[in-house]
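Counting starts at 1 for both ligands and their atoms, in listed order.
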Amino acid sequence: MEKLWGGRFDGQNSNLLEVFNASIGFDKELWEYDILGSKVHAKMLFGIGVLDEKEYIAIFDGLEKISDRIKKNEFEFRIYDEDIHMAIESALTQLIGDTAKKLHTARSRNDQIVFDFKMYVLEHNQIIRQKILDLSDILLDIAKEHTETIMPGMTHLQHAQPVNFGFHMVAWCVNFKRDYQRFCDSYERNNYFPLGVGAMAGTPYGNNREEMARSLGFIAPTLNAMDTVSQRDFALDLLYDISMLMMHISRIAEELVLWSSYEFRFITLSDMYSTGSSIMPQKKNPDVPELLRGKSGRVFGNLIALLTVMKGLPLAYNKDTQEDKEGVFDSVNTAIISLDILKEVLSTMSIHTENMANMANIGHLTATDLADFLVKEKNIPFREAHHITGKIVAFAEKKGLDITELNEDEISDIASFEMKGIKNILNLRTSMNARDSLGGTASIRTKEQISYLEKWLDGCKNG
Ligand code: ARG
């Protein structure tokens, strides 16, 4: 059988070349976009008089039939066809005969693949975005329930200041808000229609690219034919967006791993999302968060891989860019399943508020409040107040106590000031609610942040 591009060849391709060269094994994933592109292109060819009505209808119906066949798994993807474009075109030729041979007028596989792949990228951008919103919904539900739940806030993984658990959930959620925005931005930036630019320089047929772009809801046709077939920025944008998202997920996953350990006991993962050990019968392992933490590796790898493929390529199309797809498919699938399972893990875990409270009683979490008291009530410069507080902490440590357990006389003695009222200041809840500056952890501020994010979510869902 002769190749669709076989005219200038006398000899046969080697089998090895066929295997090495073919992309059908993975670009068949794009079949629906490829058929859509062909339909739009055929309609345009009809519009500019390259096809007559009968030919257009024959091509359109033929494409529909191929689509049905693929859906019913009755289509054979053959390595011989090399890629999805030629697989569909040869099937069409078999189905409707010579008319099919007119379809490739005024187009090239170079613009076809950009169209197919860009459609995939844009559609999956939207799917991932929606899942980010679903996850944010769950986070805000948890946050709302826990604006009074005291836990130790940490820096350097050391007890720092008391916060509420809702505040921590809000902190997670704002990462996803930025991610969502990043996906929206790249969608806008890349929502330009590539078909109709030909191989690299345009076509002499007067392709009506505006009409095609409009019919599919793109902002406009791309500006420059050469750039259109050579750039893969749209795919890199998606890979970067997913990398940021997965980096955030990996941080959350790490906290879930820590929090479900005996050392923390802040949460217990549901049995539905925990695994056992094959040797140690007592164990319940956080495999899901660990995998979520680990998945960022392949996703970052996919980004770097495509950056490396693109680096140094001359304009315009080069076959190197065939290497753009598998990594993107992998990152997209990884992001989707990660968002789905993280949502499930969060909505099914149990939260141990009493253990959070107990842990907040260790580590002198309110030492900063003591220093602030000296500043506000005794007019002592903060540096000096810091020093005095350090001495009080050292005293408590020596007695094996937390500063909240010292009495006012002991504190006054070491401070060399009358420290009346300090016990209440050192109370965890008082301390948490004292941090009521804009963006702070005080319950009222946390609630404010939650309602801001709820409005954002509503806006995204309705807009
Ligand atoms: N399989 C190719 C790719 O993924 C499609 C475009 C091929 N174009 C060409 N002139 N060989 O990039």
How far is [atom] from its nearest protein heavy atom, and which residue and atom name does that atom have?
| atom | value |
| --- | --- |
| atom 1 (N) of ligand 1 | Q322 OE1, 2.7 Å |
| atom 11 (N) of ligand 1 | R109 NH2, 3.5 Å |
| atom 6 (C) of ligand 1 | Y317 OH, 3.4 Å |
| atom 8 (N) of ligand 1 | N110 OD1, 3.0 Å |

Exercise. Looking at ligand 1, does K325 have a heavy atom less than 4.0 Å from it?
Worked result: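 K325 counts as a contact of ligand 1 under the 4.0 Å cut-off.
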For this session: Mark the output for H85 as yes if a heavy-atom distance to ligand 1 is under 4.0 Å, and as no if none is.
Result: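 For ligand 1, residue contact (heavy atoms, under 4.0 Å) with H85 is present.
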Exercise. F46 and D52: which non-hydrogen atoms are nearest, and at how many Å?
Worked result: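 That closest heavy-atom pairing would be CD1-C, 3.9 Å.
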Problem set entry | Those atoms of ligand 1 less than 4.0 Å from some heavy atom in S23 |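 Counting from 1, the qualifying ligand atoms are 1 (N).
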For this session: List every atom of ligand 1 that sits less than 4.0 Å from any heavy atom of D83, numbering the atoms from 1 in the order shown and giving each element.
Result: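 Those atoms are 1 (N), 5 (C).
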Between [X] and [Y] (judged by ring centroids, cut-off 6.0 Å), do the two rings come close enough to count as a pair?
| X | Y | answer |
| --- | --- | --- |
| F115 | F193 | yes |
| W31 | H85 | no |
| F165 | F266 | no |

For this session: Check whether any side-chain N or O of N433 sits under 3.5 Å from a backbone N or O of A442 as a donor-acceptor pair, and report yes or no.
Result: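 Absent.
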For this session: Return yes if some donor-acceptor pair links the side-chain N/O of T149 with the main-chain N/O of T353 below 3.5 Å, else return no.
Result: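 Not confirmed, T149 side chain does not pair with T353 backbone.
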For this session: Answer yes or no for K118 and F234: cation-pi contact, defined as NZ/CZ to six-membered ring centre under 6.0 Å and angle to ring axis within 45°.
Result: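 Positive - K118 is close enough to the ring of F234 and near enough to its axis.
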Exercise. Is there at least one pair of N or O atoms, one from R232 and one from ligand 1, spaced under 3.5 Å apart?
Worked result: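 N/O-N/O distance under 3.5 Å: no.
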